[in-house]
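These notes are about the structure you will find just below.
Quick note: residue numbers are just sequence positions, from 1. Note that the structure is predicted; figures quoted are calculated from it, not measured.
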Amino acid sequence: MKILAVCRGSAETLPGKKYKTGINKVPVTGPVMVDAYGIVGDAICNGDHHGGEEQAIYIEGAETLDWWAEELGRPLEPGIFGENLVISGIDNRRIAVGDRFIAADVVLEVTSTRIPCATFAAKMGDPKFPRRYMKAGRAGAYARVLAGGMLEAGQAVEYRPFAGDRITMPDLMATYGSKLYGAERDRYLATPLHAKLRAFLTD
């Protein structure tokens, strides 16, 4: 695996919206610094739902973006879904909570899946796109930064799957907003889930 693109966004207002968003990501040339809050200089405009230490980096697998390009009938530029990293050799459906992606000094640990919102719909120019995205079951992954450093396109990536029970991105989408009980809840809590999701399941 390798990093095909590192993407960063500025605060902008989408057509028809009054608030600013950092969803318009574009590929960066050269190395960028990654700290506990993600790519330095990347705009995060809604801290309640985006960014923070638990979802510092948003990852898309190149195989999934290729699938979407065919599904939508057009080429997709890196950053189209608001992702920070495009990584070759992986399909989003294979990614699970606790999986780690390591590039040079940077260590990322998957915490949760991307849930599409109205801003995503505006970005794609289709109010029905979030439903389509959910139905496809190929959502990208958010990750926390366990170790920071420099990232750039072309870097090799080591993939270390989580050693315990695998809660995949499709699993998270299928149970989004649902309370879990018994063995199923215990299975989720045995992974390094996003802190908010962990709190939701234990409340």
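- The CD atom of E60 sits 11.5 Å away from atom CZ of R138, with the distance rounded to the nearest 0.5 Å.
- Ring centroids of W68 and F129 are separated by less than 6.0 Å, placing the two rings close together.
- Scored by the salt bridge (charged side-chain N to carboxylate O under 4.0 Å, His left out) test, E77 finds no partners at all (sequence neighbours excluded).
- Cluster annotation: V107 and V34 are assigned to distinct hydrophobic clusters (Ile/Leu/Val/Met/Phe/Trp/Tyr, side-chain heavy-atom contacts under 4.5 Å, transitive).
- Inter-residue side-chain proximity for L172 and L197 is flagged as met; some heavy-atom pair is nearer than 4.5 Å.
- With hydrogens and angles disregarded, a donor-acceptor distance shorter than 3.5 Å links the side chain of T64 to the backbone of N92.
- I3 approaches A103 most closely through the heavy-atom pair CD1-CB, 4.0 Å.
- Within the model, atoms NZ of K179 and CG of D203 stand 4.5 Å from one another, a figure rounded to the nearest 0.5 Å.
- Considering only heavy atoms from C-beta on, I102 comes within 4.5 Å of R160 through its side chain.
- The same ILVMFWY cluster, assembled from side-chain heavy atoms under 4.5 Å apart, contains both M1 and L108.
- Residues satisfying the side-chain hydrogen bond (donor to acceptor under 3.5 Å, both in side chains) criterion with E54, sequence neighbours excluded, are R144.
- The backbone N or O of E152 sits less than 3.5 Å from a side-chain atom of Q155, completing a donor-acceptor pair.
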Determine, stepwise, if the pair D126 / K128 fulfils salt bridge (Lys or Arg N to Asp or Glu O under 4.0 Å). CA-CA 5 Å; D126 179 2; K128 297 181 179 179; over 6 Å; no
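- One hydrophobic cluster holds both I90 and V6 under the rule that ILVMFWY side chains link at heavy-atom gaps under 4.5 Å.
- Residues passing the side-chain contact (heavy atoms from CB on, under 4.5 Å) test with V40 are M33, D35, sequence neighbours excluded.
- Evaluation of the side-chain hydrogen bond (donor to acceptor under 3.5 Å, both in side chains) rule for T168 yields D171 as partners, not counting sequence neighbours.
- With sequence neighbours excluded, the residues that form a side-chain contact (heavy atoms from CB on, under 4.5 Å) with S112 are Q55, Y142, H194.
- Minimum interatomic distance between E109 and R100 (heavy atoms only, all atoms of both residues): OE2-NH2, 3.1 Å.
- Under the rule for a side-chain hydrogen bond (donor to acceptor under 3.5 Å, both in side chains), R185 has no partner lying at least two apart in sequence or in another chain.
- Note on I57 and Y37: separate hydrophobic clusters, where clusters join Ile, Leu, Val, Met, Phe, Trp and Tyr whose side-chain heavy atoms are under 4.5 Å apart, directly or indirectly.
- For R131, there are no salt bridge (charged side-chain N to carboxylate O under 4.0 Å, His left out) partners, not counting sequence neighbours.
- Residue P78 comes nearest to A5 through the heavy atom pair CB-CB, 3.6 Å, listed as atom of the first residue, atom of the second, then distance.
- Shown here for V106 and G148, the closest heavy-atom pair between the two residues is CG2-C, 3.9 Å.
- For the ring pair (Phe, Tyr, Trp, His ring centres under 6.0 Å) condition, the pairs that include at least one residue of residues 149-184, sequence neighbours left out, are F101-Y159.
- For R187, the salt bridge (charged side-chain N to carboxylate O under 4.0 Å, His left out) test picks out E184, with sequence neighbours left out.
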Working note: T191 + D165, criterion side chain to side chain contact (heavy atoms under 4.5 Å, CB included); need CA distance, chi angles, decisive distance, verdict. CA-CA 8 Å; T191 70; D165 279 351; 5.7 Å; no
Evaluate the side chain to side chain contact (heavy atoms under 4.5 Å, CB included) criterion for residues M169 and V97: first the C-alpha distance (whole Å), next the side-chain angles of each, then the deciding distance (0.1 Å), finally the verdict. CA-CA 8 Å; M169 299 303 98; V97 176; 4.2 Å; yes
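- Judged as a salt bridge (charged side-chain N to carboxylate O under 4.0 Å, His left out), and not counting sequence neighbours, E53 has no contacts.
- Contact annotation: the side chain of L189 approaches that of R198 to within less than 4.5 Å [non-hydrogen atoms, C-beta and beyond].
- A salt bridge is defined here as a Lys NZ or Arg NE, NH1 or NH2 lying under 4.0 Å from an Asp or Glu carboxylate O, and R166 with D99 meets this definition.
- I95 contributes atom CD1, which lies 8.5 Å from atom OG1 of T113 (distance to the nearest 0.5 angstrom).
- Between G41 and R8, the closest heavy-atom pair is C-CD, 3.6 Å.
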Donor-acceptor contacts under 3.5 Å from residues 81-89 side chains, at least two apart:
unit_1: E83; atom_1: OE1; unit_2: F81; atom_2: N; d: 2.9
unit_1: E83; atom_1: OE2; unit_2: G79; atom_2: N; d: 2.7
unit_1: N84; atom_1: OD1; unit_2: Y58; atom_2: N; d: 2.9
unit_1: N84; atom_1: ND2; unit_2: C7; atom_2: O; d: 3.3
unit_1: N84; atom_1: ND2; unit_2: D42; atom_2: OD2; d: 3.1
unit_1: S88; atom_1: OG; unit_2: K2; atom_2: N; d: 2.9
unit_1: S88; atom_1: OG; unit_2: K2; atom_2: O; d: 3.3

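- The hydrophobic cluster containing L151 also contains V157, counting ILVMFWY residues as joined when their side-chain heavy atoms lie under 4.5 angstrom apart, directly or transitively.
- Judged as a side-chain hydrogen bond (donor to acceptor under 3.5 Å, both in side chains), and not counting sequence neighbours, the contacts of Y188 are T175.
- When every heavy atom of A147 is checked against every heavy atom of D105, the shortest pair comes out as CB-O, 3.5 Å.
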